[in-house]
Amino acid sequence: MKLNTRLFLQIRGVRGYLIMTIVLSTLLGGLIVLQAHYLSTIINHVFLLHQTVQQVWMLLFLLLAVILVRTCLVWGSNIVAHQLAARIKTVLRTRLLAHLFALGPAYTKGERSGELINTTVEGVEALDAYFSQYVPQMFLSVTIPLLVLIAVFSADPFSGLVLLITAPLLPLLMALVGLMARAESQRQWRLLSLMSAHFLDVLQGMTTLKLFGRGKAQVETVQRVSDRFREATMSLLRVSFLSSLVLEMGATVSTAVVAVEAGLRLLYGQMPFESAFFVLLLAPEFYLPLRQLGARYHAGLSGREAAQRIFAILDTPVPQHTTSTTANTRQLASGVIRFEHVSYTYDEQRPALADVSFTLSPGQKVALVGPSGAGKSTIANLLLRFIEADGGTISSNGVSLLDVAAQQWRQKVAWVPQRPYLFNATIADNIRLGCPDATMKEVIDAARQAHADEFIAHLASGYNTVIGERGVRLSGGEAQRISLARAFLKNAPLLILDEATSHLDAAYEANVLTALKRLMKGRTVLVIAHRLSTVYDADQIVVLDAGRVVEVGTHQTLLERSGMYRQLVNAYGRRAV
């Protein structure tokens, strides 16, 4: 499907605006013809027929009315066009964000954040010119020349034939120059996305760059990327100006041809003055919409290039699953969770899991251990429904997770990552992510259970303290405790811990582990272990290696074997010494 067709399909939800655009453009064409008719008639009556103002006052009144109505229609057309663009941008941006959320972290981690932000914000915004200028002008370029051509043919067929012959000249010139402009526009958009992505990378990595003394080098890199974008923009402007010159020249020459043939025939008495003047007034109006279409074409090019990236994201398939089950979601999350012969491959090239089978029983603390790249995080992502297994079955209480809506399932799962993300909002708002409808008392209780109230009480604004982007105003341990408070507040039957105490000192770790034990009671808990000392008391330890389960058992039983777990414990003990 062509890009233009896909863009037009976005208008389905706002057909009323499109119909209004067509109607207004048709009315504008009729008013242009009427204005030329009244003006040529008045001048003919006054200067050739020597009529007085009193004799033509009605014609003057009608001419004034046509001019006023035409002005109002132009104003109305602009309003309708901008409303159309605003609605389309809202629909596309909503669809784009919803699709990104549906794709989840597995997709966004493989993309550059700055480029996605540029596409979502500037890319969608670039469609404004396409829908508010180019699309309405397309209809004007059809209706107005058609009505003018009919009027000229009715007044003087020969002049109408001249217009008909010269009409294809402007679209042909526009198409030839447009090929050059499109290539430059594509290059400009790629460089803009690159610049946005690189600039965000630099901002996010500023601490590291300062630490290694690479700030100046990155400033020079940003300068080079900016210069390339500036050069691409100036190149596109040069093509745009060339296009305007060519179109103006083409329209001027075509108008001159009509003027010369009409003037010569008028001079030799082969054409009445009123008809000749009527044709001369309409000739520029015939070519004007085509000239403006050329200008609007360049204004909409960026939007078309941005749309290619937008549709590329929208075309990325989301893992499909049915949602036909009527089982209670909380009962499902509270039941026995089974991994049966589960496999998963990233990008169809990098195997992450192969024939993985194990069980998580209610009230049990199950730990995943293994070297880096063994597949621990992949299992967590499968349970969080960020990705779906390529093979095998993941079930809870006998029901496959594929038969449960992902969002409903996640409502019953609490996740405490190793590096929690905190938003630039208040502490209370960040904790409420676990339960948006929670009262302030419930927020404070959750913070107290996570031992976060101790440092919050010393802040000037308490729970109303804005903590900055990524919780920059908090220490690592404080941020981790905010994340733990979310889990306490959510009170979910399934708890996934990615080394939840990794940023806590010894004093706080003991308190938080005590609180976690209360939280784990009667719940299914999956722990992704990086420090083996945190899983010695696990009810079951699942040892992974290269995406496969190589051992399952308790700490003591696994130590008695000469397997990988014993090797990991010995290596961990040597590092801890």
Side-chain angles (χ1 to χ4, degrees), residues 101 104-105 321 323 325 327-339 359-368 376-377 379-388 394-423 428-439 441-452 479-501 512-529 534 538-540:
F101 275 107
H321 51 78
T323 57
T325 182
N328 183 281
T329 310
R330 185 173 185 89
Q331 290 178 355
L332 285 176
S334 302
V336 177
I337 298 176
R338 299 182 186 278
F339 278 65
T359 301
L360 294 87
S361 299
Q364 274 194 336
K365 176 183 177 182
V366 178
L368 298 178
K376 302 186 295 294
S377 297
I379 289 177
N381 285 331
L382 286 168
L383 268 181
L384 290 166
R385 305 295 299 280
F386 292 154
I387 56 178
E388 301 291 355
I394 305 174
S395 62
S396 180
N397 210 20
V399 178
S400 172
L401 294 193
L402 294 178
D403 293 331
V404 183
Q407 190 58 38
Q408 291 179 343
W409 171 259
R410 293 191 194 113
Q411 291 175 359
K412 304 306 177 184
V413 181
W415 178 44
V416 182
Q418 187 179 13
R419 297 179 179 85
Y421 192 95
L422 301 182
F423 294 88
D429 289 338
N430 272 280
I431 295 176
R432 275 199 183 94
L433 284 178
C435 184
D437 299 327
T439 64
K441 181 180 181 303
E442 291 171 332
V443 170
I444 294 174
D445 287 343
R448 186 175 293 115
Q449 292 181 79
H451 294 276
Q480 190 65 280
R481 278 176 278 169
I482 296 295
S483 179
L484 284 170
R486 289 175 180 170
F488 277 104
L489 185 62
K490 192 168 186 179
N491 193 27
L494 175 59
L495 180 63
I496 300 177
L497 303 176
D498 187 355
E499 199 65 84
T501 61
V512 172
L513 286 175
T514 301
L516 282 174
K517 287 181 180 179
R518 293 198 302 269
L519 182 64
M520 293 177 190
K521 188 175 181 180
R523 292 176 172 82
T524 305
V525 182
L526 180 68
V527 179
I528 299 176
T534 62
D539 299 303
Q540 180 177 270

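The first residue of the sequence shown is numbered 1, and numbering continues consecutively from there.
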Any idea which heavy atoms bring [X] and [Y] closest together, and the distance?
X      : Y      : answer
Ile431 : Arg486 : O-CG, 3.7 Å
Lys376 : Leu368 : CD-O, 3.5 Å
Leu422 : Ala479 : CD1-CB, 3.6 Å
Val527 : Lys365 : CG2-CE, 3.8 Å
Ala538 : Ala367 : CB-CB, 4.0 Å
Ala492 : Ala414 : CB-N, 3.6 Å

Is there a side-chain contact between [X] and [Y] in this structure, where contact means two heavy atoms from C-beta onward sitting under 4.5 Å apart?
X      : Y      : answer
Val416 : Gln480 : yes
Val336 : Pro362 : yes
Val413 : Leu383 : no
Glu442 : Leu489 : yes
Ile337 : Leu526 : no

Is a side-chain donor or acceptor of [X] paired with a backbone partner of [Y] at a separation under 3.5 angstrom?
X      : Y      : value
Arg481 : Ala447 : no
Arg432 : Ala438 : yes
Arg385 : Arg410 : no
Asp539 : Val366 : no

Supply the atom-to-atom distance [X] [atom1] to [Y] [atom2], rounded to the nearest 0.5 angstrom.
X      : Y      : atom1 : atom2 : result
Gln540 : Thr359 : CD    : OG1   : 7.0 Å
Ile482 : Tyr421 : CD1   : OH    : 15.5 Å
Gln411 : Cys435 : CD    : SG    : 10.5 Å
Trp415 : Ile528 : CH2   : CD1   : 8.5 Å
Thr524 : Gln364 : OG1   : CD    : 8.0 Å

* What's the verdict on side-chain contact (heavy atoms from CB on, under 4.5 Å) for Leu484 and Gln449, showing C-alpha distance, side-chain angles and the deciding distance? -> CA-CA 9 Å; Leu484 284 170; Gln449 292 181 79; over 6 Å; no
* So does Phe101 have more than 12 non-hydrogen atoms from other groups sitting under 6.0 Å from CZ? ->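 Not more than 12 within 6.0 Å, no.
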